[in-house]
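The structure appears below as structure tokens.
Please read all numbers here as calculations on a predicted model, not as lab measurements.
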Amino acid sequence: MCSVAEKLVVGLGEVLWDCFGNSKRPGGAPANVAFHAQQLGHRGIICSAIGDDELGRELEKYLMARGLETRLIQKDLEHPTGRVTVDISNPEMPSYIIHEHAAWDHIVFTHDLGATIRRAAAVCFGTLAQRNEKSRSTIHHALATTNNALIVYDVNLRQSWYEAEWIEQSMHAAHVVKLNIDEVATIGKILNISTGDHLSFAGELRDRYDVETVCITRADEGCLISGKNEHADVPGEKVLVSDAVGAGDAFTAALISAILRGWSLQQAATFANKVGALVAANAGAMPFLQREYMTIASQMNDRTLPQGKQ
């Protein structure tokens with residue numbers, strides 16, 4: 001059996017710069033997941049694309065300096081490195097303007113990507129990178145290539161970059177579906193599912209799309225994780241929020257890590273809440289928190305948590 005450190009977690013989709021006024025920080029949901037998975041003791045790798053430009057070179061250098069493999073970050077000669085303008089005037093509810101025609105809209109399937117995906121213990125992908133047919137086709141080709149990997153669909157709706165067809169195809173491909181409380185309302189309308197009771201909503205997603213686990217995050221109110229034989233409803237962690245950019249992605253990485261470690265859903269929910277809150281208390285989507293993460297993981301291993309409701 002592989003050790004935690006040998007388990008490869010692939011973030012498949014966008015990598016970009018989050019731009020805050022006169023400053024910028026690396027981001028992109030799947031890239032954030034891979035970054036935080038690496039800090040959580042796994043081997044994180046980003047599959048995406050950057051432009052052949054200064055922003056791309058700076059981004060690649062940043063990721064390499066933090067120990068992430070960059071060989072699956074393709075260089076696009078025709079499109080620029082992605083950028084997102086972030087408004088954090090309300091730190092707990094950041095808003096985004098995602099600029100179009102970015103390199104990550106044009107990820108291509110390669111032999112190296114296929115070989116890496118086949119070795120992955122987990123693959124995380126979202127909706128945004130599917131806005132262009134090129135990357136959407138590559139993402140689903142890669143998912144079909146996996147070899148017993150945990151496939152996690154982080155719904156992550158942004159602006160108007162989603163369609164029912166993409167969402168349903170993605171859910172059919174996934175073992176785990178994660179979405180936030182605002183996305184529940186949107187997905188309910190798109191898929192014609194009642195959202196009055198979140199546990200029933202999660203059950204409907206599981207049954208309709210043959211998903212093993214559905215996770216609904218509720219910011220400072222915690223999360224609900226629903227599996228076929230167990231569910232966990234865990235309150236949030238109270239922190240002073242610096243900005244919430246990337247907190248949901250850190251949560252996703254921690255959820256993946258907990259599942260790969262074989263923890264119960266109750267343990268997974270508690271762990272992911274703590275990790276997400278820690279990132280929300282720090283600036284940017286990729287704060288360096290490896291020591292803190294290891295402390296939390298050690299504390300989780302040292303105590304027995306009650307199982308989720310049966």
Side-chain angles (χ1 to χ4, degrees), residues 2-16 18 25-48 63 66-69 72 120-129 149-156 174-180 213-217 219 222-223 225 234 236-237 239 243-263 265 267-282 284-301:
C2 291
S3 69
V4 167
E6 292 173 322
K7 291 183 177 180
L8 173 63
V9 178
V10 176
L12 177 60
E14 66 271 20
V15 66
L16 45 83
D18 286 327
R25 304 185 189 113
N32 294 338
V33 170
F35 175 83
H36 290 290
Q38 179 98 353
Q39 292 198 95
L40 286 160
H42 305 285
R43 182 180 159 213
I45 188 165
I46 300 168
C47 174
S48 188
L63 296 171
R66 279 147 183 81
L68 281 164
E69 293 184 47
L72 290 185
V123 179
C124 181
F125 73 107
T127 307
L128 177 59
L150 176 73
I151 299 177
V152 179
Y153 174 38
D154 184 357
V155 174
N156 202 28
H175 302 109
V176 178
V177 171
K178 178 245 179 185
L179 65 170
N180 66 37
T213 307
V214 173
C215 176
I216 299 171
T217 59
C223 67
I225 304 182
V234 177
E237 299 281 326
V239 296
D243 70 64
V245 178
D249 305 325
F251 179 103
T252 304
L255 177 61
I256 290 169
S257 183
I259 293 173
L260 294 181
R261 293 169 191 263
W263 291 354
L265 293 189
Q267 288 174 300
T270 302
F271 183 55
N273 267 356
K274 290 180 180 295
V275 168
L278 186 58
V279 171
N282 287 267
M286 295 186 181
F288 193 75
L289 299 166
Q290 186 170 12
R291 181 176 298 177
E292 291 87 342
Y293 286 173
M294 292 301 98
T295 298
I296 296 171
S298 177
Q299 291 170 346
M300 296 294 299
N301 276 323

Nearest heavy-atom neighbours spanning [X] and [Y]:
X	Y	answer
G67	Q38	O-NE2, 2.9 Å
A37	A253	N-CB, 3.8 Å
L278	E292	CD2-CB, 3.5 Å
N273	G222	ND2-CA, 3.7 Å
D18	G27	OD2-CA, 3.6 Å
P30	G13	CG-CA, 3.8 Å

All side chain to side chain contact (heavy atoms under 4.5 Å, CB included) counterparts of [X], not counting sequence neighbours:
X	result
Q39	F35, H36, F288, L289, Q290, Y293
A31	V15, I46, M286
A277	E237, V239
T213	V176, I225, L265

So [Y] and [X], do their side chains get closer than 4.5 Å, heavy atoms only?
X	Y	value
V9	L150	no
I45	L68	no
V152	I259	no
T127	N156	no
I151	Y153	no

Query raised in the report: K7 side chain to L260 main-chain N or O, any donor-acceptor pair under 3.5 Å?
Result: yes
**Report entry** ring-ring contact (aromatic ring centres under 6.0 Å, His included) against F251, all qualifying residues, sequence neighbours excluded
**Finding:** none
Atom pair [atom1]/[atom2] of [X] and [Y] - distance to nearest 0.5 Å:
X	Y	atom1	atom2	result
D249	K178	CG	NZ	6.0 Å
I296	L40	CD1	CG	8.5 Å
L255	C215	CG	SG	5.5 Å

Query raised in the report: Does the side chain to side chain contact (heavy atoms under 4.5 Å, CB included) test come out yes or no for V155 and N180, once each step is laid out?
Result: CA-CA 8 Å; V155 174; N180 66 37; over 6 Å; no
Report summary line: With sequence neighbours left out, the residues meeting side chain to side chain donor-acceptor pair (under 3.5 Å) with T217 are none
